Every structure is written in C-alpha cells, then in structure tokens.
Amino acid sequence: MQPWLALVIGNSRLHWAGCLGAEIQTVWQMPHLPSPAVSALVTSQFGEAACENVMPAMGATAIAHLRQLGFPLPLVLASVVPSQTLLWQAYPQVQVLTLDHIPLGGTYPTLGIDRALALWGVGSTWGWPALSIDAGTSLTFTGATAAASLVGGVGATGATTAISCP
C-alpha cells in the first residue's frame, strides 16, 4: 500500500490526513502556514526534521504516524484559497484536486472543492441521496440526489449558532 498525505486548505485552516492506501492513519488541523514554513516542507518533501521544526502543531502522535509511513510522501491537495494553493504547488509529488475529479453531477464552477468533497464523502459513506452539513468558517448545507447529482445548498458565513442539549 502506498503512503500519502492529504491536505484540504480551508478558508482559515489546514486539514491534514496521513494515509496508507485507502486507510487514514492520522489526522490533524492547524492554521495556514507562512510562505517560509511551506517552502521548508516543500523543499524537504516533508522530511522528518522539517515536519518536527515547522509543524509542531501537528503533535507527536501525527509525527510518529508519518515516520511509520516514511518520507518523502506524495501529497493530494484540495484548496479553496488560491494564494495558499500556489505555495503548495511547488511540491514535486503534488496532485491538485479540482471539481472535475469529483464524480458529482450538476456542479458549477464556483462550488468550493471542500463542499464537493464533503458531499461526495457523505454520499459515498452513507448512501445517496445525501446532505452534507459543514460547520467550518461558514455553516454550509449541500445536497445531492439519489443519482449523486448536486441539487444545491446554502451557506451562512460568519453565523454563530448556539445549541443547547438537556
């Protein structure tokens, strides 16, 4: 099985997964990294020393899992932040996902790759029709038909919701 890294760049955070084949081994999140930090990771191809120096927010468990996967690792990238995407595209083993890679019907050019991936993940895991609810920087609802075709959705940017449970 091939080890690899997944990176979803959201509006305010980096969402990571260290994978072995189709199995997720570890996950972590962190704020966007400045250009020099990204450059260090890209240049070293996620070398162990660079990970330990640049990414302490990932924690010892994630670093231990990555050590087991081995270095360098291929990177699969999905991003909604063009300036961050540019920083990571210099990585020699990067595959940048676009909407064309997601087998979801009825998409439109401005649909965020994060919303499409979340909906595809929900539908692939739990079945179609599907509804994805994501409470990231924005609260979004995105739905698809039984044929895995987007029906639409709504986003509430900056909304704060309080939920009380007895």
Side-chain angles (χ1 to χ4, degrees), residues 1-34 38 41-42 46 55 57-59 61-62 65-66 69 73-91 93-166:
M1 282 188 269
Q2 174 72 30
W4 56 284
L5 283 175
L7 171 58
V8 176
I9 301 175
N11 288 311
S12 57
R13 302 199 49 84
L14 303 177
H15 308 278
W16 295 91
C19 305
L20 186 57
E23 297 292 322
I24 296 173
Q25 303 296 304
T26 188
V27 296
W28 68 97
Q29 296 181 50
M30 61 194 319
H32 290 171
L33 293 170
V38 174
L41 290 170
V42 166
F46 291 95
M55 299 173 68
M58 65 190 280
T61 302
H65 279 265
L66 291 176
L69 293 174
L73 295 168
L75 174 67
V76 178
L77 170 71
S79 176
V80 297
V81 183
S83 61
Q84 282 284 305
T85 306
L86 287 174
L87 297 175
W88 293 99
Q89 282 181 317
Y91 188 71
Q93 299 180 67
V94 69
Q95 176 187 356
V96 179
L97 295 181
T98 65
L99 284 176
D100 295 336
H101 293 107
I102 314 299
L104 192 61
T107 61
Y108 50 92
T110 57
L111 175 66
I113 187 81
D114 53 344
R115 288 179 71 184
L117 284 170
L119 183 58
W120 181 252
V122 169
S124 297
T125 302
W126 300 101
W128 305 94
L131 176 66
S132 167
I133 303 170
D134 184 351
T137 304
S138 296
L139 179 62
T140 61
F141 298 81
T142 313
T145 66
S149 184
L150 181 72
V151 293
V154 65
T157 304
T160 303
T161 304
I163 298 175
S164 175
C165 297

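The structure presented is a predicted model; accordingly, all values stated were derived computationally and were not measured. Quick note: numbers below take in every heavy atom, side chains included, and nothing from hydrogens, waters or symmetry partners.
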Handout entry: side-chain contact (heavy atoms from CB on, under 4.5 Å) evaluation trace for L119 with L104
Key = CA-CA 9 Å; L119 183 58; L104 192 61; 3.9 Å; yes
Fill in the blank from the handout: When T85, L86, V81 are each screened for side-chain contact (heavy atoms from CB on, under 4.5 Å) with S83, the one that passes is V81
Practice task
Kindly compute the distance separating CD (Q2) from CG (L20), expressed to the nearest 0.5 Å.
Solution key: 9.0 Å
Exercise for the section: Would you mind reporting whether H32 and L14 have side-chain heavy atoms less than 4.5 Å apart? Expected result: yes
Handout entry: Side chain W28, main chain A17, donor-acceptor under 3.5 Å
Key = no
Handout entry: From CG (L99) to CH2 (W120), nearest 0.5 Å
Key = 13.5 Å
Handout entry: Spatial distance of atom CD1 (I133) from atom OG1 (T142) [nearest 0.5 Å]
Key = 9.5 Å
Handout entry: Over all atoms of both residues, closest heavy-atom pair of A116 and L111
Key = CB-CD2, 4.0 Å
Practice task
Determine the minimum heavy-atom distance between A130 and G123, stating which atoms define it.
Solution key: CB-CA, 3.7 Å
Exercise for the section: Measure across L87 and V42 and return the closest heavy-atom pair with its distance rounded to 0.1 Å. Expected result: O-CG2, 4.0 Å
Completion exercise
Taking every heavy atom of A144 against every heavy atom of P129, the minimum-distance pair comes out as O-CB, 3.2 Å
Handout entry: Closest non-hydrogen atom pair, P74 against P3
Key = CD-O, 3.3 Å
Handout entry: CG/L131: more than 12 non-hydrogen atoms of other groups inside 6.0 Å
Key = yes
Exercise for the section: Indicate, with yes or no, if the rings of W16 and W88 have centres closer together than 6.0 Å. Expected result: yes
Exercise for the section: Please round to the nearest 0.5 Å and tell me the distance separating atom CG of L73 and atom OH of Y91. Expected result: 6.0 Å
Exercise for the section: Compare all side-chain heavy atoms of V80 with those of I9 and state whether any distance is below 4.5 angstrom. Expected result: no
Practice task
Return yes if some donor-acceptor pair links the side-chain N/O of R115 with the main-chain N/O of F141 below 3.5 Å, else return no.
Solution key: yes
Exercise for the section: Kindly determine whether I102 and T107 satisfy side-chain contact (heavy atoms from CB on, under 4.5 Å), including the steps that lead there. Expected result: CA-CA 9 Å; I102 314 299; T107 61; over 6 Å; no
Exercise for the section: To the nearest 0.5 angstrom, please state how far the CG atom of L75 sits from the CG atom of L41. Expected result: 10.0 Å
Problem - Non-hydrogen atoms of G18 and L5 that approach each other most closely - result: CA-CD2, 4.0 Å
Completion exercise
CH2 (W4) and CD (Q25) are apart, to the nearest 0.5 Å, by 11.0 Å
Handout entry: Main-chain N/O of T145 paired to S149 side chain as donor or acceptor, under 3.5 Å
Key = no
